[in-house]
Amino acid sequence: MATKIRLQRHGRKNYAFYPIVIADSRAPRDGKFIERIGSYNPNTNPATITLNFERALYWVNTGAQPTDTVRTILSNEGVLLMKHLQGGVKKGAFDEAEAQRRLDAWKAAHLQKVEKLKVSMADQKQEAAKQRLADEQAKNKAKAEAVAKKKAELAAAKAEAEAAAAAPAEGEEAAPAAE
């Protein structure tokens, strides 16, 4: 029986999450499966992956073929690296303790890289928010200056109209007095 490690689609429209399962290659995508070994949720940022490392390693060593997406997930979780290291142990290049040390060192570096990515994403989000606030404040300041200028023009026009209305009235009063 040819087995595959693949994703099953669950969830609602436009909000899918995927259990990672071991299934017969002839079984339908969301149909019968042998074992569920984890899940993948791409809706979070970064995507959330839960994986039973030992069972995934067992199935990869047994010969189950992962799909392209699952192969990437297994690679990012270190399952394929551990399979590679176990091959080195079988050949006698190093012992099991050395293989585990190398895997732990890789995982630490990988986690550090992921944390750095999360921090940079948070910083970019914060910078974007600051930039939006600065842009909005600049727009509000420009709008306030335009409104103040318009009010000043209206006040000047009103004062000019009052002065024009008051000047002829004074001129009329002055004219009869001169006669």
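For reference, positions follow the sequence shown, starting with 1.
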Scan the side chains in residues 129-158 for donor-acceptor partners under 3.5 Å anywhere in the protein, sequence neighbours excluded, and list what turns up.
from, atom 1, to, atom 2, distance (Å)
Q131, NE2, D135, OD1, 3.0
N140, ND2, E136, O, 3.4

Nearest 0.5 Å, please: how far is CD in Q100 from CD in E96?
7.0 Å
If I compare all heavy atoms of A99 with all of L85, which pair ends up nearest, and what's the gap?
O-CD1, 3.3 Å
Which residues pass the side-chain contact (heavy atoms from CB on, under 4.5 Å) test with A93, not counting sequence neighbours?
none
d(K83 NZ, L57 CG) to nearest 0.5 Å is 9.0 Å
Please output the side-chain donor-acceptor pairs of residues 45-53 that fall under 3.5 Å, not counting sequence neighbours, one pair per line with the distance.
from, atom 1, to, atom 2, distance (Å)
T48, OG1, T44, OG1, 2.7
T50, OG1, S39, N, 3.3
T50, OG1, S39, OG, 2.7
N52, OD1, E54, N, 3.4
N52, OD1, R55, N, 3.4

Give the C-alpha distance, both sets of side-chain angles, the deciding distance and a yes or no for side chain to side chain contact (heavy atoms under 4.5 Å, CB included) between I34 and W59.
CA-CA 11 Å; I34 298 168; W59 281 104; 4.1 Å; yes
R36 side chain vs V21 backbone, donor-acceptor pair below 3.5 Å:
no
So which atom in A23 and which in R6 form the shortest heavy-atom distance, rounded to 0.1 Å?
CB-NH2, 3.6 Å
R101 to F94 six-membered ring, cation-pi geometry met (6.0 Å, 45°):
no
Taken in chain and number order and not counting sequence neighbours, the residues that satisfy side-chain hydrogen bond (donor to acceptor under 3.5 Å, both in side chains) with T62 are none
Under the ring-ring contact (aromatic ring centres under 6.0 Å, His included) rule, collect the residues that match up with H84, sequence neighbours excluded.
none
Kindly compute the distance separating NZ (K113) from CG (L111), expressed to the nearest 0.5 Å.
10.5 Å
Measure the CD-OG1 distance between E35 and T3 for me, rounded to the nearest 0.5 Å.
11.0 Å
If you define the side chain from C-beta out and look only at heavy atoms, does anything of R71 sit under 4.5 Å from L80?
yes
I need the minimum non-hydrogen distance between P42 and A16, along with the two atoms involved.
CD-O, 3.7 Å
Rounding to 0.5 Å, atoms OH (Y40) and CZ (R9) come to a distance of 12.5 Å
Treating D95 as the side-chain partner and V89 as the backbone partner, does any N or O pair qualify as donor plus acceptor under 3.5 Å?
no
Do you know the tightest heavy-atom contact between A64 and I5?
CB-CG1, 3.7 Å
hydrophobic_cluster_shared for I73 and Y18, side chain cutoff 4.5 Å
yes
Linking Ile, Leu, Val, Met, Phe, Trp and Tyr through side-chain heavy atoms less than 4.5 Å apart, which residues share a cluster with L117?
M121
Point-to-point distance, once rounded to the nearest 0.5 Å, from CD of Q8 to NE2 of H10
4.5 Å
Shared hydrophobic cluster for V79 and L7 (ILVMFWY, side-chain gaps under 4.5 Å)
yes
Using modelled atom types and a 3.5 Å cut-off, is there a donor and acceptor pairing between side-chain atoms of D24 and backbone atoms of A27?
no
